[in-house]
Amino acid sequence: MKKTLETLSGLLCGGALFAIMALTFFDVIGRKAVSQSIPGSLELTELLMVIVIFAGMPLVSQRGEHVVFDSFDGVFSPAMLKVQKALVHGLCAVAMLGLAVLMWRTGGQFVESGETTAQLKLLKAPFIYGMSVFCAITGLVHIGQIFKPAADLAEGEGVAL
């Protein structure tokens with residue numbers, strides 16, 4: 001499951017990031033060479049950034065690579081650090097799963113209303129649904145992190161024993 005998550009998220013993030021790079025390159029060339037920008041390039045960049053950010057969240061959570069404030073690590077006992085880790089991952093899981101539900105509902109509303117982007121008229125619902133799915137996956141990753149043994153924690157997420 002971990003390998004599938006890394007492959008899927010990694011390919012989506014990498015592909016979207018490459019597409020942003022290529023789009024920006026050709027947009028700049030078009031503006032400089034023929035004074036013509038690619039129509040909708042800003043919208044496409046925004047949508048591709050959504051993919052990069054939300055597809056990357058499960059990887060960041062799984063690897064423990066978010067911003068961490070470890071001010072109390074030297075003060076707390078090992079048992080308290082385990083409780084703290086469980087609480088933080090539990091709160092993150094609840095937040096991500098709650099956000100997934102809200103986004104799924106928003107996606108449904110966008111389907112009903114036919115909401116599209118301003119310039120290219122691309123449907124927004126598939127992107128909102130994708131954001132919802134990746135928030136749910138991230139929530140599940142955080143649930144898994146609660147039960148992860150200390151020896152399997154990512155660097156920077158260690159619990160002093």
Query - Any donor-acceptor N/O pair, D27 side chain to I38 backbone, under 3.5 Å - result: yes
Requested in this report: Kindly indicate, with the supporting measurements, whether the criterion side-chain contact (heavy atoms from CB on, under 4.5 Å) is fulfilled by Q84 and L81.
Outcome: CA-CA 5 Å; Q84 178 194 24; L81 288 173; 3.4 Å; yes
Report task. Examine L122 and F110 and state if one hydrophobic cluster contains both, with Ile, Leu, Val, Met, Phe, Trp and Tyr joined whenever side-chain heavy atoms are less than 4.5 Å apart. Result -> yes
Query raised in the report: Hey, quick one: are M1 and L12 part of the same hydrophobic cluster, counting side-chain heavy atoms closer than 4.5 Å, chains of contacts allowed?
Result: no
**Report entry** Straight-line distance of L99 CG to F134 CZ, nearest 0.5 Å
**Finding:** 14.0 Å
Query raised in the report: What's the spacing between K3 NZ and T7 OG1 if we round to 0.5 Å?
Result: 5.0 Å
Query raised in the report: For A93 and G139, which heavy atoms make the closest approach, and how far apart are they?
Result: CB-O, 3.5 Å
Report task. Please answer: with hydrophobic residues joined when any side-chain heavy atoms are less than 4.5 Å apart, are L17 and I53 in the same cluster? Result -> yes
Requested in this report: Give the intermediate values and the outcome of side-chain contact (heavy atoms from CB on, under 4.5 Å) for residues K85 and Q145.
Outcome: CA-CA 9 Å; K85 172 189 158 275; Q145 296 289 57; 5.5 Å; no
Query raised in the report: Of all heavy-atom pairs between F54 and C135, which one has the smallest distance, and what is that distance?
Result: CE2-SG, 3.6 Å
Query raised in the report: How many angstroms lie between CD1 in I143 and CG in L97, if you round to the nearest 0.5 Å?
Result: 5.0 Å
Query raised in the report: Can you name the nearest heavy-atom pair linking V141 to P58, along with the distance?
Result: CG1-O, 4.1 Å
Query raised in the report: Hey, is the main chain of L123 close enough, under 3.5 Å, to the side chain of T116 for a donor-acceptor pair?
Result: no
Requested in this report: Please name all residues satisfying side-chain contact (heavy atoms from CB on, under 4.5 Å) with C13, sequence neighbours left out, ordered by chain then number.
Outcome: A55
Query - K124 backbone acceptor or donor facing Y129 side chain under 3.5 Å - result: no
Query - Spatial distance of atom CE (M103) from atom CE (M131) [nearest 0.5 Å] - result: 3.5 Å
Query raised in the report: Quick check: does any side chain N or O of S132 sit under 3.5 Å from a backbone N or O of I128, one acting as donor and the other as acceptor?
Result: no
Report summary line: d(L8 CG, T4 OG1) to nearest 0.5 Å is 8.5 Å
Query raised in the report: Between the side chain of Q62 and the main-chain N/O of K2, is any donor-acceptor distance below 3.5 Å?
Result: no
Query raised in the report: Around R105, counting heavy atoms of other residues, nucleotides and ligands shown, do more than 12 lie under 6.0 Å from its CZ?
Result: no
Requested in this report: Could you state whether M57 and V88 fall into the same hydrophobic cluster, counting links through intermediate Ile, Leu, Val, Met, Phe, Trp or Tyr residues with side-chain heavy atoms under 4.5 angstrom apart?
Outcome: no
**Report entry** Atom pair CZ (R31) and CD (Q36), whose distance is rounded to the nearest 0.5 Å
**Finding:** 11.0 Å
Query - Heavy-atom pair of closest approach, residues L59 and E6 - result: CD2-CA, 3.6 Å
Query raised in the report: Can you name the closest pair of heavy atoms from L120 and P39 and give their distance?
Result: CD2-O, 3.8 Å
Report task. Over all heavy atoms of both residues, which pair between L23 and S41 is shortest? Give the atoms and the distance, please. Result -> CD2-O, 3.5 Å
**Report entry** Hphob cluster co-occupancy, V60 + V52, side-chain heavy atoms under 4.5 angstrom
**Finding:** no
Report task. Measure up the H66 and H89 rings against each other and bin them: parallel (under 30°), tilted (30 to 60°), perpendicular (over 60°). Result -> tilted
Report task. Could you walk me through whether V83 and F76 pass the side-chain contact (heavy atoms from CB on, under 4.5 Å) test, one step at a time? Result -> CA-CA 10 Å; V83 170; F76 286 168; over 6 Å; no
